[in-house]
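We count ligands from 1, going down the list as the structure has it; atoms in each ligand are counted the same way. Predicted, not measured: the structure shown is a model, and the values here were computed from it.
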Amino acid sequence: MNYDVIVVGAGPAGSTAAKCLAEKGITVLLLDKERFPRMKPCGGGIPINTVKRFSYLEDYDLIESFSYGGFIHSPSQKYSIELNEEKPIVAMISREKFDYGLVNIAVDSGTHFIDGEKIKDVHISKDNAQVVLHDGSSIESKMIVGADGVSSVVAKKSGLAPQQRRVNVCIFQEYPVEEKVIIEYATEQRLSHIHLMYYGIPGYA
Ligand SMILES: Cc1cc2nc3c(=O)[nH]c(=O)nc-3n(C[C@H](O)[C@H](O)[C@H](O)COP(=O)(O)OP(=O)(O)OC[C@H]3O[C@@H](n4cnc5c(N)ncnc54)[C@H](O)[C@@H]3O)c2cc1C
């Protein structure tokens, strides 16, 4: 047996699962098809209750800022709903840095991490569970955690979700802006502006 547990996918779910297992002395391999740090389309807003639940996040400098509210603008931009609280309601993160930070926390807890390794199949038997890598070789464990996202190979090949939903294409763009621009538009309270249609483009900005 190579490992007690193989976690496939090093997004927030996989890295957090790996950290929790490794802390208990369980031998864990965390695998991801991408090379880290990697980008992930995301609005970057984490509800404050999640930050409280995983309170160690604040020790690792993974949170860029806290937002105290904001505005949701209608597609015509004529209407908006405002929310402004005295305490922060959302933590803002950059997924490239955040996900890599969570991987490093898992590694610090004893996880063995391999990136750039895509799994193409899983074999589950009474005695063990194997992941099959892209080159056809396999790694053995007692258990596999499928944390490989919305198009999970683990879910498909293990039979947990053989029929996966058809998914749409998502185009995303992040723009770096200077701190003074952020303060001008979002204030010190980091008020978010959520546009449900932006210059005629459906989606949100
Ligand atoms: C446009 C957009 C905006 C979003 N905004 C927000 C937001 O503001 N706040 C929020 O909380 N959530 C947001 N989400 C949702 C959030 O991104 C997901 O809920 C979250 O990423 C799920 O985490 P996860 O760890 O389950 O999967 P993921 O983060 O998707 O990670 C899965 C990992 O598995 C790896 N993987 C996939 N297949 C394989 C394979 N075959 N072999 C090896 N590795 C594999 C991938 O490379 C990836 O790193 C947004 C999502 C989208 C699409």
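For a threshold of 3.5 Å applied to N or O pairs, the pair formed by Lys118 and ligand 1 contains no separation below that value. Between Glu34 and ligand 1, no N or O atom pair is found at a separation short of 3.5 Å. Among the atoms of Lys40, some N or O lies under 3.5 angstrom from an N or O of ligand 1. Taking only nitrogen or oxygen atoms, main chain and side chain alike, Ile46 does not reach within less than 3.5 Å of ligand 1. Residue Gly44 places at least one N or O, backbone or side chain, under 3.5 Å from an N or O of ligand 1.
Looking only at protein heavy atoms, the nearest one to atom 25 (O) of ligand 1 is Ala13 N, 2.9 Å. With respect to atom 6 (C) of ligand 1, the closest heavy atom belonging to the protein is Cys42 SG, 3.3 Å. Residue, atom and distance of the protein heavy atom nearest to atom 21 (O) of ligand 1 are Arg95 NH2, 2.9 Å. Among all non-hydrogen protein atoms, the one lying nearest atom 51 (C) of ligand 1 is Pro41 O, 3.9 Å. For atom 5 (N) of ligand 1, the closest non-hydrogen atom on the protein side is Gly43 N, 2.9 Å. For atom 44 (N) of ligand 1, the nearest protein heavy atom (residue, atom name, distance) is Lys33 N, 3.1 Å. Here the protein heavy atom with the shortest distance to atom 41 (N) of ligand 1 is Ile119 O, 3.1 Å. Among protein heavy atoms, the minimum distance from atom 48 (C) of ligand 1 is reached at Asp32 OD2, 3.4 Å.
When non-hydrogen atoms are compared, ligand 1 lies under 4.0 Å from neither the backbone nor the side chain of Ser151.
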Take Lys180 and Glu184 through the side chain to side chain contact (heavy atoms under 4.5 Å, CB included) test and state the conclusion after the steps.
CA-CA 6 Å; Lys180 70 176 182 15; Glu184 184 182 342; over 6 Å; no
Residues Arg35, Glu96; criterion salt bridge (Lys or Arg N to Asp or Glu O under 4.0 Å); working and verdict
CA-CA 11 Å; Arg35 288 251 175 245; Glu96 190 172 6; over 6 Å; no
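Distances from atom 19 (O) of ligand 1 to the protein include no heavy-atom value under 4.0 Å. Atom 15 (C) of ligand 1 lies below 4.0 Å from none of the non-hydrogen atoms of the protein.
In this structure, Val153 is part of the shell of residues with a heavy atom less than 4.0 angstrom from ligand 1.
Taking a cut-off of under 4.0 Å to the non-hydrogen atoms of Gly45, the atoms of ligand 1 that pass are 7 (C), 8 (O), 9 (N), 10 (C), 11 (O).
Classification of the His193-His73 ring pair by plane angle, with boundaries at 30° and 60°, yields parallel.
Ser109 and Thr111 are not linked by any side-chain donor-acceptor pair at a separation below 3.5 angstrom, with hydrogens and angles left out of the test.
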